[in-house]
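Sequential numbering from 1 along the given sequence is applied to the chain's residues. These numbers were taken from a predicted model, which means no experiment stands behind them.
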Amino acid sequence: MRIDVLTLFPEACRPYFETSILGRAVRGGLVSIHCHALRDYSRDRHGRVDDRPFGGGAGMVLMCPPIFEAVEAIESQDSRPATRVLLTPQGRRFDQNLASELAKRPRLLLICGRYEGFDERIRLGLAPLELSIGDYVLSGGEAAAMVVVDAVVRLRPGVLGAEEALAEESFADGGLEYPQYTRPRDFRGMTVPEVLLSGNHEDIRRWRAEQARRRTSQSRPDLLDGRSATRDETTKGNSHAESTD
Ligand code: 6GU
C-alpha cells in the first residue's frame with residue numbers, strides 16, 4: 001500500500017509515521033508513506049497557497065492551482081489509482097468501518113487543509129472522499145491525517161504481530177475493552193481482581209466479557225444501539241448470552 005499526504009506541514013507529520021507500529025510497517029516495506037509540501041506547488045515566489053475569499057469575509061481560503069497540480073504530480077508518481085481523501089471538519093465521520101474499507105485500497109492520497117477552508121472547486125474537481133475525525137475544530141488536517149493513517153495501516157496484513165492482532169479482534173466487535181492489570185498485585189492498596197489470579201480461564205473470559213459490556217454501556221451506550229438484542233446491557237450482572245467471537 002502507498003499513502004501520500006499533501007500538507008503545509010510535512011515536518012509535523014513525518015516523525016509520527018516513523019514511530020512505533022507505523023514506523024515498523026514502513027521499515028518492513030508493508031506500506032510506503034510520502035509527505036509532500038503543498039508550498040512546493042505554489043505558483044508564486046512567496047509560496048502562497050491561499051487567498052482572500054471572493055465576496056469578503058474573515059480568513060483565507062486554500063486555492064485551486066497548487067492543490068490540483070500537486071494531486072496530479074503525486075498521482076503520476078505511481079500507476080495504482082489513488083483514493084483521494086480530503087480532511088475537513090465538514091466530512092463524513094471517520095470510524096473503524098471506514099478504516100477497514102480504506103485498508104483495502106492500494107493507494108491513498110490525503111489532503112490536509114488549513115485556514116478557513118478550501119475553494120469549493122477542489123471538492124467539485126477532485127471529487128475526494130471528505131473525512132472528519134470528530135465534532136470539534138482542529139487548526140488543520142494534519143492531526144486528522146495521522147489518525148486516519150494510523151487506523152488504516154494497523155489493519156493491513158502483517159502490520160500487527162500475532163499478539164497485537166488478537167487483541168485487536170476483541171475490539172473489532174464494536175464494544176470497548178475490558179480492564180487490564182499487570183504487576184504489582186497490590187499497588188497503593190488497589191488490588192488486582194481475584195478472578196484474574198485464579199487461573200480459571202472460563203471464569204476470566206466471562207468476567208472480561210461482562211466488564212466490557214458494562215463499560216460500553218456506561219461510557220458508550222451508542223455503540224450498543226446497532227447491535228443484536230443478545231448484546232444489550234441489562235443493569236444486572238448476569239452472564240446470559242455471551243457471544244462466541
Ligand atoms: Cl479532518 N480537520 C479539521 N481542521 N478539523 C477537524 C477535522 C479535520 N476533524 C475534526 N475536526
Salt bridge (charged side-chain N to carboxylate O under 4.0 Å, His left out) pairs touching residues 19-39, sequence neighbours excluded, are R24-E164

From the list I33, V31, L102, side-chain contact (heavy atoms from CB on, under 4.5 Å) partner of V149 resolves to I33

Exercise for the section: Could you tell me whether E130 and R92 make a salt bridge, using a distance below 4.0 angstrom between a side-chain N and a carboxylate O? Expected result: no

- Should we say atom CZ of R185 is surrounded by more than 12 heavy atoms from elsewhere, each under 6.0 Å from it? no

Any carboxylate oxygen within less than 4.0 angstrom of a Lys/Arg side-chain nitrogen, looking at E202 and R206?
yes

| field | Backbone N/O of A73 and side chain of S76: donor-acceptor pair under 3.5 Å | value | yes

Membership question, hydrophobic clusters at under 4.5 Å side-chain separation (ILVMFWY): are V26 and V152 in the same one? yes

Would one find more than 12 heavy atoms of other residues, nucleotides or ligands at under 6.0 Å from atom CZ of R80? yes

Residues R14 and E11 bridged, charged N to O under 4.0 Å: no

- Message: I'd like to check E142 versus L87 (side-chain heavy atoms, cut-off strictly below 4.5 Å). Are they in contact?
- Response: no

- salt bridge (charged side-chain N to carboxylate O under 4.0 Å, His left out) between E69 and R43, worked out: CA-CA 10 Å; E69 284 166 27; R43 285 187 157 174; 2.7 Å; yes

Practice task
Please examine the side chains of H34 and D4, heavy atoms only from C-beta on, and report whether any two atoms are closer than 4.5 Å.
Solution key: yes

Fill in: Atom CZ of R121: over 12 foreign heavy atoms under 6.0 Å
no

For T83 and R105, run side chain to side chain donor-acceptor pair (under 3.5 Å): C-alpha distance rounded to whole Å, both residues' side-chain angles, the deciding distance at 0.1 Å, then the answer. CA-CA 7 Å; T83 299; R105 313 284 172 100; 3.1 Å; yes

query = Would you say S198's side chain and E194's backbone share a donor-acceptor pair under 3.5 angstrom?
reply = no

Looking at D203 and R205, is there a salt bridge between them, counting it only when a charged N and a carboxylate O are closer than 4.0 Å?
no

Does a side-chain heavy-atom distance below 4.5 Å link Y41 with V71?
no

TODO: Let me see the working for R213 and E210 under side chain to side chain contact (heavy atoms under 4.5 Å, CB included), right down to the final yes or no.
DONE: CA-CA 5 Å; R213 256 199 304 278; E210 172 55 25; 3.2 Å; yes

Handout entry: Lys/Arg-Asp/Glu bridge criterion (N-O < 4.0 Å) met for E75, R84
Key = yes

Should L38 and L62 count as side-chain neighbours, where that means a heavy-atom distance under 4.5 Å?
yes

| said: Checking the side chain of R215 only, and the main-chain atoms of E177 only, is there a donor and an acceptor separated by less than 3.5 Å? | reply: yes

